[in-house]
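Scroll down for the structure; my scribbles are underneath it.
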Protein chains: 2
Amino acid sequence: MERKANSTNSINEVYWTENCGIAFTLSVIGGRWKISILSFLLNDKKLRYSELKKRLVGISERMMISKLKELELDGLVNRIVHQQVPPKVEYELTELGHSLKDILVLMDKWGENNMMKIEE
Amino acid sequence: MERKANSTNSINEVYWTENCGIAFTLSVIGGRWKISILSFLLNDKKLRYSELKKRLVGISERMMISKLKELELDGLVNRIVHQQVPPKVEYELTELGHSLKDILVLMDKWGENNMMKIEE
DNA sequence: TATGATACTGACAAAAAAGTAAGTATGGAA
DNA sequence: TTCCATACTTACTTTTTTGTCAGTATCATA
């Protein structure tokens, strides 16, 4: 979570995300959980925190919150808070989030088609 | 490099790459360097190890080799060895590698379009 | 006989990402 | 008055990825 601003690692990442659209896109959707979150929101339109968590098999509270927060900060998802107890918070894609649809669909197809060819 | 086969981390990754095309695709092109390597090979057709390295600003020998090896193992690049001294080794995309073109192009466009909207 | 060019290797260290476990706040229902 | 459900927090540990640095092999050429 804490990034060392001038580690070589960080310098390299910044260089590439600033100079390459693909690297930038990857920085936004990369990692273990973000694409799964985006996919579920793409299908289900709007989901409560707890509903999303149920779908994300294996995820921990910490990852849930931290990835949702990153996605929100990046403007890909909206966080809708209902003032009630117990709390109810829903998540949905923003327009920007929706604009990733083509990429996600293509990636899904490619994966489905080639999973069997590549044995990792 | 060494993965603990039954860490939760690894279990989660396996679960998602096996059950989700997108996650699988991400496992193949994710990380700091792979997409850059693929992009350069997509543009330049065929490149020597040293030529590729020059383009990959900031990369170390270790990362070069290890990422090239992974890409080769996954069947995305061909490694062409010329029997001569000093050594000459060229890398090019396979057909499978080329089939990622649409995804990479879309990702590039999306990144270029949205880089300014998202300030990280 | 030493040097140079190229494509690597390997042991180790730092950084980043992911996971664990135990909390907190709220107000209505039992 | 204690308990419950939900959406988080927080401090800490483990795992994974990335980077550093100093090698190695080959043979033609100087």
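All chains are named by letter (A, B, ...) in the order of the sequence lines, taking the proteins before the strands, and each is independently numbered beginning at 1. Computation of the quantities below employed the complete heavy-atom set of this structure, encompassing side-chain atoms and omitting hydrogens, waters and symmetry-equivalent molecules.
- Counting only distance, with no hydrogens or angles, the side chain of B:S10 and the backbone of B:N6 share no donor-acceptor pair below 3.5 Å.
- For D:dT10, the base has no donor-acceptor partner in the side chain of A:R62 [N/O atoms by modelled type, under 3.5 angstrom].
- Over its length, the helix from C:dT1-D:dA30 to C:dA30-D:dT1 turns its helix axis by 30°, as judged from the five terminal pairs at each end, rounded to 10°.
- Taking the side chain as every heavy atom from C-beta outward, A:F24 and B:I118 approach each other to under 4.5 Å.
- Distance A:I59 CD1 to D:dC8 C1': 13 Å, rounded to the nearest Å.
- Closest to the side chain of A:K67, out of D:dA7, C:dA18, C:dC8, is C:dA18.
- Going from atom CD of B:Q84 over to atom P of D:dT26 covers 16 Å, rounded to whole Å.
- Taking side-chain N and O atoms only, B:T8 has no distance below 4.0 Å to OP1 or OP2 of C:dA18.
- Between the OH atom of B:Y91 and the CZ atom of B:R48 there is a distance of 11.5 Å, given to the nearest 0.5 Å.
- Side-chain N/O atoms of B:Y91 include one lying less than 4.0 angstrom from OP1 or OP2 on C:dC8.
- Atom CD1 of B:I22 sits about 14.5 Å away from atom NZ of A:K34, to the nearest 0.5 Å.
- Considering only the side chain of B:R79, C:dA7 comes nearest among D:dA7, D:dT18, C:dA7.
- The CG atom of B:N6 sits 13 Å away from the C1' atom of D:dT14 (whole-angstrom rounding).
- No donor-acceptor distance shorter than 3.5 angstrom exists from the side chain of B:W16 to the backbone of A:L56, with no hydrogens or angles considered.
- Summary of the strand contacts: A:W33 and A:A5 both lie near DNA chain C, and taking for each the nucleotide with the nearest heavy atom, the more 5' one is attributed to A:A5.
- Nucleotide D:dT16 holds its C1' atom 11 Å from the CE atom of B:M63, rounded to whole Å.
- Proximity of A:K53 to the phosphate of D:dT6: no side-chain N or O atom is located under 4.0 Å from OP1 or OP2.
- As a whole-Å value, the separation of B:I65 CD1 from D:dC21 C1' is 16 Å.
- No more than 12 heavy atoms of other residues, nucleotides or ligands shown are found within 6.0 angstrom of CD on B:E95.
- At whole-Å resolution of the value, CE in B:M64 and C1' in C:dT9 are 14 Å apart.
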_Where protein sits on nucleotides 24-30 of chain C, one letter per nucleotide: B base, S sugar-phosphate only, - none, heavy atoms under 4.0 Å_ = --BB---

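- The side chain of A:R48 lies closest to D:dT6, out of D:dT6, C:dC8, D:dG19.
- Nearest to the side-chain atoms of B:K69 among the listed nucleotides C:dT20, C:dT9, C:dA18 stands C:dT9.
- The interatomic distance linking B:K4 (NZ) with C:dG19 (P) rounds to 15 Å, in whole Å.
- Within residues 35-43 of chain A, no residue has any heavy atom closer than 4.0 Å to DNA chain C.
- Using a 4.0 Å cut-off, no side-chain N or O of A:W16 falls inside it from OP1 or OP2 of D:dT18.
- Annotation: A:K109, atom NZ; neighbour count of heavy atoms from other residues, nucleotides and ligands within 6.0 Å does not exceed 12.
- In this structure, the CG atom of B:N12 is 13 Å from the P atom of D:dT15, given to the nearest Å.
- With hydrogens and angles ignored, the 3.5 Å screen pairs no side-chain donor or acceptor of A:N78 with any backbone N or O of A:E92.
- For the pair B:S60 and B:S7, nearest-nucleotide mapping onto DNA chain D gives the more 5' position to B:S7.
- Nearest heavy atom pair, residue B:D74 against residue B:L96, reads O-CD2, 3.7 Å.
- Counting only heavy atoms from C-beta outward, the side chains of A:L68 and A:Y49 approach each other to under 4.5 Å.
- B:L100 CG to A:N114 CG: the interatomic distance, rounded to the nearest 0.5 Å, is 7.5 Å.
- Atom NZ of A:K101 is separated from atom CG of B:L106 by 13.5 Å, given to the nearest 0.5 angstrom.
- The number of heavy atoms from other shown groups lying within 6.0 Å of NZ (A:K53) is above 12.
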